[in-house]
A.B. asks: 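I have a structure here, written as structure tokens, and I will follow up with some questions on it.
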2 protein chains.
Amino acid sequence: MATTETRRRADAERNIAAILDAALVCFTEEPQASMAAIARAAGVGRVTLYAHFPSREVLLAAVLDRTIAQAGEVIRAAAPSEGPATTALRRLLRSSWHVLDQHRQLFDLAQRELGSPNLRERHRQVVDHVEDLLVRGQQEGVFRTDLPITWLVTTVYSLLHAAAEDVNTGQLRADEAAEVLEATLLQALESR
Amino acid sequence: MATTETRRRADAERNIAAILDAALVCFTEEPQASMAAIARAAGVGRVTLYAHFPSREVLLAAVLDRTIAQAGEVIRAAAPSEGPATTALRRLLRSSWHVLDQHRQLFDLAQRELGSPNLRERHRQVVDHVEDLLVRGQQEGVFRTDLPITWLVTTVYSLLHAAAEDVNTGQLRADEAAEVLEATLLQALESR
DNA sequence: GATAAGTCGAACATCACTGTTCGACTTATC
DNA sequence: GATAAGTCGAACAGTGATGTTCGACTTATC
């Protein structure tokens, strides 16, 4: 698939994966994480890190790409355009609140550090799935129409993120998160 | 009130106020704002900044203290323990969503940069007002009781912050914010 | 209008992070 | 088991932030 010139060795491949894993964790839990800290977390020398990702910017972009791809897959798997909007939203929350939150946090970071105009495109592709679902719910008459649609999207992402944070700080159990989110969001979005 | 040894000169007093104003803005819109940037924003030399606030840490603490005090006053002015819980929440949102958001953001920053155990106390004093109000609403039977109270508090702060951010990015007009927040929160919290 | 208080720019030391180079070493791969 | 690919520590230069010091200057205050 990705063979530029010579094939990569197996251990290099493993290290790259370890670095991306570690970088995702580091970036999301501490946005200013240094390259040294990421290398340490990945169990890899700093030089090796730079061998694969020539700059912090490149690494961040790589992590972002990978997370966007994952988010895309997870959303597609939840089939947000199938069945009634409420049950579709339920499915989406159950399967992907965590991935969507990572995506959101990385996007915030990338926007600050890369100041990206083209980035917005890729972000849209993920956000739009949620927006489409909400619009569909409005057309079905189950979601409220008295507020701007952008605000409804914001509401979903905002509570998603809040739940993820509460899980991180131990205020909420991970297995409760989807349930609590569902109960809160469905009622908040419901049409009267 | 605060005369340690000799009285401060009027221009010094003015500069301190300008610095605190500028620091609040800088910290909330860019958490890693440098001391040089803050000094520039305050229209003051870097040395003057250090003359009044010997370190970044001290400055942040001062900004935090001031914001907590403001938040306390604003909340007290909204009389959250008077009248029905729903109208009290309405009053609180109308008068103080902006201040409460600044408080939240500064608290996040302070928690990261100062790693504060004692800070939590001061934070509590502000958060508790919201929590008390929510508990009161539960007792009155108007707010839902099927979710952890901590999550309800999180919901309020999270949407507060989301609205503030949407105002910052121009997605929401400042004069709409309170209304939109009110519509979303009252429905999300409502008991069935 | 004298004096103390305050401001400010320039320059300094220190520190942490970024990214790079080197050379020795290890390990996958054929 | 030879070779190329990959790892790694040490050491380097560059940058940008934090605090500090100095000395000249301005400005409240009595």
Side-chain angles (χ1 to χ4, degrees), chain A residues 1-23 25-64 109-110 112-116, chain B residues 1-64 109-110 112-115:
Chain A
M1 195 188 273
T3 321
T4 334
E5 298 220 357
T6 48
R7 251 190 328 295
R8 258 198 301 263
R9 242 170 60 175
D11 60 350
E13 210 84 47
R14 230 182 312 134
N15 278 338
I16 289 177
I19 289 170
L20 287 173
D21 287 343
V25 173
C26 289
F27 281 142
T28 52
E29 75 186 19
E30 231 249 306
Q32 325 108 300
S34 72
M35 292 293 265
I38 294 168
R40 216 178 309 126
V44 152
R46 211 161 59 87
V47 182
T48 304
L49 173 50
Y50 276 105
H52 295 303
F53 302 97
S55 78
R56 199 171 190 281
E57 217 173 289
V58 171
L59 174 60
L60 178 55
V63 173
L64 190 72
L109 177 57
R112 272 205 308 276
E113 298 217 351
L114 310 181
S116 47
Chain B
M1 192 187 273
T3 322
T4 334
E5 300 220 356
T6 48
R7 251 191 329 296
R8 258 198 299 263
R9 243 171 56 175
D11 58 351
E13 210 85 47
R14 230 181 312 134
N15 279 337
I16 290 177
I19 289 169
L20 287 174
D21 287 343
L24 174 60
V25 172
C26 289
F27 280 143
T28 51
E29 75 187 19
E30 232 249 306
Q32 323 109 301
S34 72
M35 292 294 264
I38 294 169
R40 218 178 308 125
V44 153
R46 213 162 58 88
V47 182
T48 304
L49 173 50
Y50 276 104
H52 295 301
F53 303 97
S55 76
R56 197 171 192 281
E57 218 173 289
V58 171
L59 174 59
L60 178 55
V63 173
L64 191 72
L109 177 56
R112 271 206 307 277
E113 298 216 352
L114 310 181

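The sequence lines fix the lettering, A, B, ..., with proteins before strands; numbering per chain opens at 1.
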A.B. asks: Contact list please: residues 49-59 of chain B against DNA chain D, heavy atoms, distance less than 4.0 Å, in numerical order.
C.D. replies: Tyr50(B), Pro54(B), Ser55(B), Arg56(B)
A.B. asks: Who are the salt bridge (charged side-chain N to carboxylate O under 4.0 Å, His left out) partners of Arg56(A), not counting sequence neighbours?
C.D. replies: Glu113(A)
A.B. asks: About how many Å separate OG1 of Thr48(B) and CG of Asn15(B), when rounded to the nearest 0.5 Å?
C.D. replies: 6.5 Å
A.B. asks: The criterion is side chain to side chain contact (heavy atoms under 4.5 Å, CB included); which residues satisfy it with Ala22(A), sequence neighbours excluded?
C.D. replies: Ala41(A), Ala42(A)
A.B. asks: Ignoring hydrogens, what is the shortest heavy-atom contact between Ile19(B) and Ile38(B)? Give both atom names and the distance.
C.D. replies: O-CG2, 4.4 Å
A.B. asks: With sequence neighbours excluded, tell me which residues meet side chain to side chain contact (heavy atoms under 4.5 Å, CB included) with Val58(A).
C.D. replies: Phe53(A), Pro54(A), Ser55(A)
A.B. asks: Using the C1' atoms of the five pairs at each end, what is the angle between the end axes of the helix from dG1(C)-dC30(D) to dC30(C)-dG1(D), to 10°?
C.D. replies: 30°
A.B. asks: How long is the gap from CG on Leu20(B) to CG on Leu64(B), to the nearest 0.5 Å?
C.D. replies: 11.5 Å
A.B. asks: Scan residues 13-22 of chain A for pairs that pass salt bridge (Lys or Arg N to Asp or Glu O under 4.0 Å), counting only residues two or more places apart or in two chains.
C.D. replies: Arg8(A)-Glu13(A), Asp21(A)-Arg66(A)
A.B. asks: According to salt bridge (charged side-chain N to carboxylate O under 4.0 Å, His left out), who are the partners of Glu57(A), at least two apart in sequence or on a separate chain?
C.D. replies: none
A.B. asks: State whether Asn15(B) places a side-chain N or O below 4.0 Å from either non-bridging phosphate oxygen (OP1 or OP2) of dT7(C).
C.D. replies: yes
A.B. asks: Do you know the tightest heavy-atom contact between Val44(B) and Leu49(B)?
C.D. replies: CG1-N, 4.0 Å
A.B. asks: Under the side chain to side chain donor-acceptor pair (under 3.5 Å) rule, what pairs show up with a residue in residues 25-42 of chain B, not counting sequence neighbours?
C.D. replies: none
A.B. asks: Heavy atoms under 4.0 Å is the rule here; annotate nucleotides 22-30 of chain C 5' to 3' with B where the base is hit, S where only the sugar-phosphate is, and - elsewhere.
C.D. replies: -----BSSS
A.B. asks: Considering residues at least two apart in sequence or located in another chain, which fulfil the side-chain hydrogen bond (donor to acceptor under 3.5 Å, both in side chains) criterion with Arg9(A)?
C.D. replies: Asp11(A)
A.B. asks: Once side chain to side chain contact (heavy atoms under 4.5 Å, CB included) is applied, do any residues pair with Ala61(A), and if so which ones, sequence neighbours excluded?
C.D. replies: none
A.B. asks: So if I take residues 16-46 of chain B and measure heavy-atom distances to DNA chain C, which residues fall below 4.0 Å?
C.D. replies: Val44(B), Gly45(B), Arg46(B)
